[in-house]
Amino acid sequence: MQQADYQLIIVGGGPAGLTAGLYAARARLKALLLEKGATGGQVLITDWVDNYPAFPEGVNGFDLIDKMTAHVDRFDLEKKFSTVTSLDLAQDVKTLFLENGEQLTGQTVIICTGAKPRKIGVKGEEELRGKGVSYCATCDGPFYRNQEIAVVGGGNTAIQEAIHLTKFASKITVIHRRDELRATKILQEKAFAEKKIDFLWNAEVSEIVGGKTGVESLKIAHKDGTTSSLSVTGIFILIGIEPNNEILPLEQLETDDNGFIVTDTEMCTNLPGVYAAGDIRSKKSRQIINAAGEGATAELSAEYYLGHLE
Ligand code: NAP
């Protein structure tokens with residue numbers, strides 16, 4: 001086997017990457033975790049996590065990541081804050097190209113690059129981004145104190161964040177394209193009981209209308225063919241996620257129709273020595289606990305592979 005800088009390189013420092021890093025550090029692998037920004041991923045923009053075991057009262061997303069990061073730091077995992085621009089994963093030794101021109105090599109790689117919010121793709125969405133159009137209730141909610149706003153989506157994220165936004169806004173209209181929510185029942189019960197939340201069923205935003213101060217109203221297309229207008233100063237678009245796969249060699253890696261990486265149950269991709277964990281994987285359940293579990297599984301698979309190299 002050719003020499004490499006590291007036995008294992010983990011790309012991405014969300015719950016999957018941090019857990020893979022924790023296992024690698026405890027296994028005393030020569031391992032590196034690469035993260036372009038702060039560790040944490042999407043959890044950092046989650047106000048409240050109520051379903052991560054061992055936190056009976058729930059935990060703030062930021063605090064959960066703080067604890068996960070402190071945990072890997074206790075075992076001295078090497079971390080580097082740098083953006084990966086591309087990867088060559090098809091050879092025995094994998095090469096990662098960094099923004100600063102540096103190249104790093106690893107015998108194994110775990111991809112934990114996660115996902116990002118999906119857009120609705122209507123007029124006004126790009127133009128008014130940051131001026132009333134938001135994809136993060138935790139980040140931007142406090143700007144909408146005593147204002148009327150809208151949330152688009154019917155999944156866990158939309159409903160959880162609509163409930164969170166009741167702390168600030170005077171009224172929240174949840175706009176959903178069907179007549180029933182996808183969100184888990186306990187969140188639905190909370191949202192239906194919340195006086196500040198209204199629902200606009202069978203409806204889609206067809207345009208976001210703004211003026212000098214930002215978002216002013218939304219054009220709504222109803223399923224029955226009618227249209228209407230809704231006056232709001234903010235719109236939170238929370239309609240699911242897309243894979244962070246731009247840096248990945250998609251000609252080498254097998255992905256599903258939506259660009260998420262296909263793995264087996266041991267987190268092995270189609271390429272020997274390459275694993276994927278967390279939201280970047282093709283799968284149904286996207287939970288923090290899944291991401292962490294998959295990070296552990298991926299690292300154990302990498303260890304097994306390293307143990308069988310000639
Ligand atoms: P999601 O579960 O995929 O839900 C997306 C929602 O947006 C659906 O209601 C969908 O409508 C709607 N939608 C999709 N595309 C749309 C479009 N172009 N226009 C209008 N509406 C559109 O996504 P998510 O809520 O972001 O959650 C992502 C993952 O994270 C899920 O696996 C979720 O369970 C998980 N998550 C879990 C928690 C938790 O456990 N507390 C919290 C947050 C997220 P339809 O229903 O009609 O398809």
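Ligands are counted one by one from 1 in listed order, and the atoms in each one are counted from 1 as well.
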Protein heavy atom at shortest distance from [atom]:
atom                    : answer
atom 18 (N) of ligand 1 : I239 CD1, 3.7 Å
atom 3 (O) of ligand 1  : G240 CA, 4.2 Å
atom 34 (O) of ligand 1 : N156 ND2, 2.9 Å
atom 25 (O) of ligand 1 : T157 N, 3.0 Å

Out of [options], indicate the one that has the non-hydrogen atom closest to [atom].
atom                    : options                : answer
atom 2 (O) of ligand 1  : K283, E204, R182, K284 : R182
atom 30 (O) of ligand 1 : Q287, E180, R286       : R286
atom 15 (N) of ligand 1 : R178, E161, R177, Q160 : R177
atom 19 (N) of ligand 1 : D279, I120, N51, D50   : I120
atom 9 (O) of ligand 1  : G154, A291, S285       : G154

- Query: Aromatic rings F192 and W201: how do their planes relate, parallel, tilted or perpendicular, breaks at 30° and 60°?
  - Reply: tilted
- Query: For the residue pair Y52 and F55, does the interplanar ring angle fall in the parallel (under 30°), tilted (30 to 60°) or perpendicular (over 60°) class?
  - Reply: tilted
- Item | G155 N/O to ligand 1 N/O under 3.5 Å | yes
Would you call [X] and [Y] a salt bridge, taking side-chain N to carboxylate O under 4.0 Å as the test?
X    : Y    : answer
E299 : R26  : no
E207 : K123 : yes
E99  : K36  : no

- CZ/R182 to OG1/T157 distance, rounded to the nearest 0.5 angstrom? 11.5 Å
- Message: Show me which atoms of ligand 1 lie under 4.0 Å from any heavy atom of R118.
- Response: 14 (C), 15 (N)
- Of all the atoms in ligand 1, which lie at a distance below 4.0 Å from a heavy atom belonging to H176? 9 (O), 11 (O), 45 (P), 46 (O), 47 (O)
- Using distance alone, with no hydrogens and no angle criterion, decide if N146 and S170 have a side-chain donor and acceptor under 3.5 Å apart. no
- Message: Counting only heavy atoms from other residues, nucleotides and ligands, does the tally under 6.0 Å from NZ of K30 exceed 12?
- Response: yes
